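The structure appears right after this line, and notes come after that.
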2 protein chains.
Amino acid sequence: MFSSIDPRSPVPLYEQIAARIRVAVAAGEFLPGDTLPSVRALAQSLRVNPATVVQAYRDLATDGFVETRHGQGTFIQEVSGSKRDQERSLQATELVRRLLQDAARRGITVDDLSRAFATETGAQVHE
Amino acid sequence: MFSSIDPRSPVPLYEQIAARIRVAVAAGEFLPGDTLPSVRALAQSLRVNPATVVQAYRDLATDGFVETRHGQGTFIQEVSGSKRDQERSLQATELVRRLLQDAARRGITVDDLSRAFATETGAQVHE
DNA sequence: AGCAGTGTATTGGTAGACTGATACACTTGG
DNA sequence: CCAAGTGTATCAGTCTACCAATACACTGCT
């Protein structure tokens, strides 16, 4: 199930793991209340250090995606769809702010970004 | 003129320098053919290592913003407005692609990004 | 209490980005 | 030709993110 981890990718292992779990939850492979594989089990399965899995789980917990209970395990969190939407929206805003800062530093205008965004996503943007 | 360099900023010094020059050119403080301060002169003026200025100049040269001639100096490049626009557009696309990848990794949808982009920039986005 | 399962905390090693120091190579003017 | 200006190349130090290794702490079951 978690076979798609690439140690040579520039993407950190813990991010790959967290992303994989997010997708699995979205796909309904996990339901609220389900327990994720234990830190050690998943680490062994992925041939990765337990601490790396811990970091992935911690990120998910920070997002409220998952709840960890010391000594018990890590559980898929029950959250309302609206709250999850709100969380994603917040993160999206953060990402976009970073984009705007990066762009400004390089002398790229908002218009340039709008056009690029439109072509890359297929969406239409206008003032 | 280049007093706005902050060593404690998380933004690398060479990026700050390059950005400052881009702005200066855009503001018309430099005209095509003008020579930039020498690597050593600017380095001393900013209390920074010459190699740091070199990196800034190299980045600008890679963008075609500037041309460096060994033994002579670094010159503002004469480029047509359209070519410069095209270059900015390319960089914008690259930034947006990175944004989309980052977002995908975190389970953030294009819609989330569109909305965030719209609110952050004031632009209107719709399908 | 003890054991086997779970997550947690601390520490160290590795790799890459950033910056500085130094020596090198090219060009121009006298 | 040479001196003084210019950019260039290479190496070393520092810092940070990432990952691994190890020891620790909590929970539930018997």
Side-chain angles (χ1 to χ4, degrees), chain A residues 2 4-21 30 33-77 98 101-102 105-106, chain B residues 2 4-21 30 33-77 98 101-102 105-106:
Chain A
F2 284 113
S4 55
I5 301 296
D6 178 11
R8 288 164 316 181
S9 163
V11 179
L13 294 178
Y14 70 90
E15 270 196 31
Q16 293 184 46
I17 297 171
R20 186 69 189 75
I21 292 174
F30 288 113
D34 282 357
T35 79
L36 259 50
S38 82
V39 164
R40 284 168 186 74
L42 184 52
Q44 184 170 10
S45 152
L46 295 177
R47 301 172 185 282
V48 139
N49 193 276
T52 303
V53 176
V54 166
Q55 192 168 356
Y57 281 11
R58 182 159 38 201
D59 282 10
L60 292 168
T62 301
D63 295 352
F65 221 84
V66 124
E67 182 189 4
T68 68
R69 296 189 209 131
H70 198 165
Q72 300 186 47
T74 304
F75 304 83
I76 301 295
Q77 185 73 298
R98 279 216 328 247
Q101 286 187 349
D102 287 355
R105 256 193 259 144
R106 309 184 190 196
Chain B
F2 283 114
S4 56
I5 301 297
D6 178 12
R8 290 165 314 182
S9 163
V11 179
L13 294 177
Y14 70 90
E15 270 197 31
Q16 293 183 47
I17 297 170
R20 187 67 187 75
I21 293 174
F30 288 113
D34 282 357
T35 78
L36 258 50
S38 82
V39 164
R40 286 168 184 75
L42 184 52
Q44 185 171 10
S45 151
L46 295 176
R47 301 172 183 284
V48 140
N49 194 275
T52 302
V53 176
V54 166
Q55 191 167 356
Y57 281 11
R58 182 159 40 202
D59 282 10
L60 292 169
T62 301
D63 295 353
F65 220 82
V66 124
E67 182 190 5
T68 70
R69 298 189 208 130
H70 196 163
Q72 300 186 48
T74 304
F75 304 83
I76 300 296
Q77 186 71 299
R98 278 212 335 240
Q101 286 187 350
D102 286 356
R105 257 192 259 141
R106 309 184 191 197

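Both backbone and side-chain heavy atoms feed into the values below; hydrogens, waters and symmetry mates do not. These numbers come from a predicted model, not from an experiment. Throughout, a chain's letter reflects where its sequence line sits, starting with A, and its residues are numbered from 1.
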Quiz prompt | Salt bridge present between R106(A) and D63(B) (N-O < 4.0 angstrom) | solution = no
Practice problem: With heavy atoms under 4.0 Å as the rule, sort Q55(A) into base, sugar-phosphate or nothing. | Solution: nothing
Quiz item: How is V54(B) classified with respect to the nucleic acid when contacts are heavy atoms under 4.0 Å: base, sugar-phosphate, or nothing?
Solution: base
Quiz item: How many Å lie between CG on L13(B) and P on dT19(C), as a whole number?
Solution: 4 Å
Self-check item: Distance, rounded to the nearest Å, where E67(A) contributes CD and dT8(C) contributes C1'
Solution: 16 Å
Quiz item: What distance do Q55(B) atom CD and L13(B) atom CG have between them, rounded to the nearest 0.5 Å?
Solution: 10.0 Å
Quiz item: Which whole-number value in Å describes the distance from R40(B) CZ to dT27(C) P?
Solution: 15 Å
Exercise. Using atom CD of Q44(B) as one end and atom C1' of dG20(C) as the other, report the distance to the nearest whole Å.
Key: 15 Å
Self-check item: Nearest heavy-atom neighbours spanning T74(A) and Y57(A)
Solution: OG1-CD2, 3.3 Å
Self-check item: Short side-chain N/O contact to dT8(C) OP1/OP2 from T68(A), under 4.0 Å
Solution: yes
Exercise. Would you kindly compare T52(B) and T74(A) by the position of their nearest DNA chain C nucleotide and give the one closer to the 5′ end?
Key: T74(A)
Quiz item: Does Q72(A) have a side-chain nitrogen or oxygen under 4.0 Å from the phosphate oxygens OP1 or OP2 of dC26(D)?
Solution: no
Quiz item: Roughly how many Å is it from CG in N49(A) to C1' in dT10(C), rounded to a whole number?
Solution: 13 Å
Quiz prompt | Whichever of V11(A) and A41(B) has its nearest DNA chain D nucleotide further upstream toward 5' | solution = A41(B)
Exercise. Taking T62(B) for its side chain and R58(B) for its backbone only, find out whether a donor-acceptor pair lies under 3.5 Å.
Key: yes
Quiz prompt | Between P of dG7(D) and CG of L60(B), the distance in whole Å | solution = 13 Å
Quiz item: NE2 of H70(A) versus P of dG5(C): gap in Å, rounded?
Solution: 16 Å
Practice problem: Would you check if L42(A) and I17(A) make a side-chain contact, meaning some heavy-atom pair closer than 4.5 Å? | Solution: yes
Practice problem: Please state whether the phosphate of dG7(D), meaning OP1 or OP2, lies under 4.0 angstrom from any side-chain nitrogen or oxygen of Y57(B). | Solution: no
Practice problem: Starting from P on dA17(D), measure out to CZ on R58(A) and report it in whole angstrom. | Solution: 14 Å
Self-check item: 5'-most by nearest nucleotide on DNA chain D - R69(A) or P12(A)
Solution: P12(A)
